[in-house]
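Numbered from 1 within each chain, the chains take letters A, B, ... in sequence-line order. Predicted model, so just to flag it, every value in this text is computed and none were measured.
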Amino acid sequence: MKILCVAEKPSIAKSVAGILGGGRFSVRSSCVKYIKNYDFSFNFGGSLGQCEVTMTSVLGNFRNNIFPDEYNWGRCEPMQLFTAPLKKGYENKTSQSVAKNIATESQDADRLMIWTDCDREGESIGHQIFEVASESNRRITLENTLRAQFSHLERSHVIHAAKTPRHLDMKQVYAVQTRGELDIRSGFAFTRLLTDLLKSEIPGGLEDKTIVSYGSCQFPTLGFVVDRYIRVRRFISEPFWYLSVTTIKNRIHTLFTWTKPSMFDRMTATVLYANCMSQPRNDFGKIIAKQENPTSNYKPLPLTTVELQKIAARTYRMTAKDTLKAAEDLYTKGIISYPRTETDKFPAKMDLKSFIQRQTGHREWGQYAQSLIDGKFSPPRSGRHNDEAHPPIHPVSCHDGGGLLVKEKKIYELVVRHFLACCSDDAKGSLSKVTLQWGDEIFTTSALEVKEENYLEIYKQYRTWKSSAKKIPPFEVGEEVKLQKAELKEGKTSPPNYMTETELIALMDANGIGTDATIAEHIDKIQQREYVTSLREGSKSVLVPSELGMGIVQGFDNIEFNENISLTKPFLRKDMENELSMICSGNKTKPQVIEKLVNMYQEAYVLTKRNQQTLVREYRNVIRENG
DNA sequence: GCAAGGTC
């Protein structure tokens, strides 16, 4: 029997061929520069048995939606794009060649086995491969097409995946197709409307090559930046007042903080201060309580892509894009698990200790790993996210760093240390708190003492939790202590900061805008479109909207849409994600979801067009306000 | 000329 295996990317095809072929395979080049075809034999067991195998790959998505030529820009009313037919096509020469290689290689195959990544997109890419293969070879059907399930490239795992395939999950395929169709219809329609409108109404305002694009991810991303900008600009600093006392005992000065919130009314604060000052012995305070409570600092949750990007941005100042690239390269080398995951909970049956064991020989953290094996192991915390495709990011093999790029080394170290931290105990400490009364007012001071570092021993680079530098003198309850200072102080509320990239990533992630692989691209896109510019502010850079970006958001926010739908807010996109999940779980069908959301977008389009002067007016307003 | 999603 002859089997054609197809992976999502060339690196996976190479690794899997190496494992299944046991190192004995021959390589042929294909009509695409990056893609190689590997021939070998492998015993799949079961009804397949010993097979001749060709392993190849595609380059991610290669078939996409295309509108027929009569719907090109300027040749139809954009509104028609919501219902125009869509055909499958190839965007460029490369994807056409990718398809050609699949068609050729499938010709003499008895079976097709899909080896794309095990996520929703992978399932859809698998279906594209199936379509091309079955068009070229009628013996390949959806029923006899196999789908390997794997989440990392460790040898025994890959062999097990080859021997226990399932079928393509069409529900996931339909969910992805639904998103694709809605995005191209709404994206093209609104982009043409906005571009043509703003160019004709604001002559000389926009350059010829400018595109004012709408996208279901671009707009909410822009919306986050604008919201923050407005909050900063509208911020008015307010003074507030508070009481503060400092004691002196054993020559140690101890600052006590008022337990009441700061007051925005000066008179009230002054009266309270005067009350205290009018007491006899107003230069003494009384210790009324003393506590010492055990406290913990929790170890981190199992590592997701976005968390990895956030930690790397904070600790190493790496961009989200660079972090993902480094992690992807470590994955294809078999060093860490699949780095695109939303799951922050390890599967119950996973043998974590075997992964720790592999790290015991490492010169930096081997000893620590050994101590976990020798009894200090503690089961990881469980988060509430699960993408049902990949476990949290964890190291697969032990690597001394030789031959790795600097960025890869950093990311590898982060992944290992994070994993070991997850399998350790929380840090333990004790928090001492002393309460003091001065007049009728109550003040407290506290100090932390770290007793057991536990996970922090391996995780110091990424998180600090230290004993307080200040020492609290040995106060006794009931004791009267001399005050060194007792003051009425004035403070000022400070404005929020402009949006940083790290914050924007966190917001997009929390709101389901884009995927781990595309979040960085959307941030890039709204800058290319000149909706947003990046400014340096001190040591970090922040994102602020341009006039165009402000104008668009203000314009859309001033149009009243049905059911309070907002195109610049994340809720619409989140709704769509929910609908897609329902397709995956079998509770809705692709046509149902498309009908519902196309109707909604059409209504929004009609209202936008009817109120197009609002968009123009708001954009002009922004320009005028800026002078 | 236009989206978002893969990957190179």
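A close approach under 4.0 Å does occur between a side-chain nitrogen or oxygen of Thr518(A) and OP1 or OP2 of dG5(B). Between His522(A) and the phosphate of dG5(B), there is a side-chain N or O to OP1/OP2 separation shorter than 4.0 Å. One finds a side-chain N or O of Arg529(A) lying less than 4.0 angstrom from the OP1 or OP2 phosphate oxygen of dA3(B). Of the side-chain N and O atoms in Ser213(A), one or more sit less than 4.0 angstrom from OP1 or OP2 of dA3(B). OP1 or OP2 of dG6(B) lies within a sub-4.0 Å distance of a side-chain N or O belonging to Thr515(A).
For the pair Leu86(A) CG and dC2(B) C1', the interatomic distance rounds to 13 Å; values are reported in whole Å. One can place CZ of Phe188(A) at 15 Å from P of dG5(B), the figure rounded to the nearest angstrom. Between the CG atom of Asn61(A) and the P atom of dA4(B) there is a distance of 14 Å, given to the nearest Å. Atoms CG (Asp524(A)) and P (dA4(B)) sit 13 Å apart, rounded to a whole Å.
Using a 4.0 Å heavy-atom cutoff across all strands shown, Lys199(A) reaches at least one base atom of the nucleic acid. Within the 4.0 angstrom heavy-atom criterion, base atoms lie near Glu91(A). Counting non-hydrogen atoms under 4.0 angstrom, Arg63(A) reaches nothing in the nucleic acid. Residue-level contact check: Gly122(A) touches neither bases nor backbone, having no heavy atom under 4.0 Å from any strand. Among the atoms of the strands shown, base atoms are found under 4.0 Å from some heavy atom of Thr195(A). Residue Asn72(A) is out of contact with every strand shown, counting any heavy-atom pair closer than 4.0 Å. Nucleic acid contact class of Pro78(A) (heavy atoms, under 4.0 Å, all strands): none. Heavy atoms of Ile211(A) sit under 4.0 angstrom from primed sugar atoms or phosphate atoms, though from no base atom.
At least one donor-acceptor pair closer than 3.5 Å links the side chain of Asn511(A) to the backbone N or O of Leu507(A). Of the possible polar contacts, none joining the Asn144(A) side chain to the Ile140(A) backbone as a donor-acceptor pair under 3.5 Å is found.
Closest-nucleotide positions on DNA chain B for Gly215(A) and Asp196(A) were compared, and the one nearer the 5' end corresponds to Asp196(A).
For the pair Glu342(A)/Thr515(A), no side-chain contact is recorded, criterion being any heavy-atom separation below 4.5 Å from C-beta on.
No aromatic stack links Tyr214(A) and the base of dC2(B), using centre distance under 5.5 Å and interplanar angle under 30°.
Ion pairing between Asp344(A) and Arg384(A) fails under the 4.0 Å rule for side-chain N and carboxylate O.
Ring centroids of Phe188(A) and Trp73(A) are separated by 6.0 Å or more, keeping the two rings apart.
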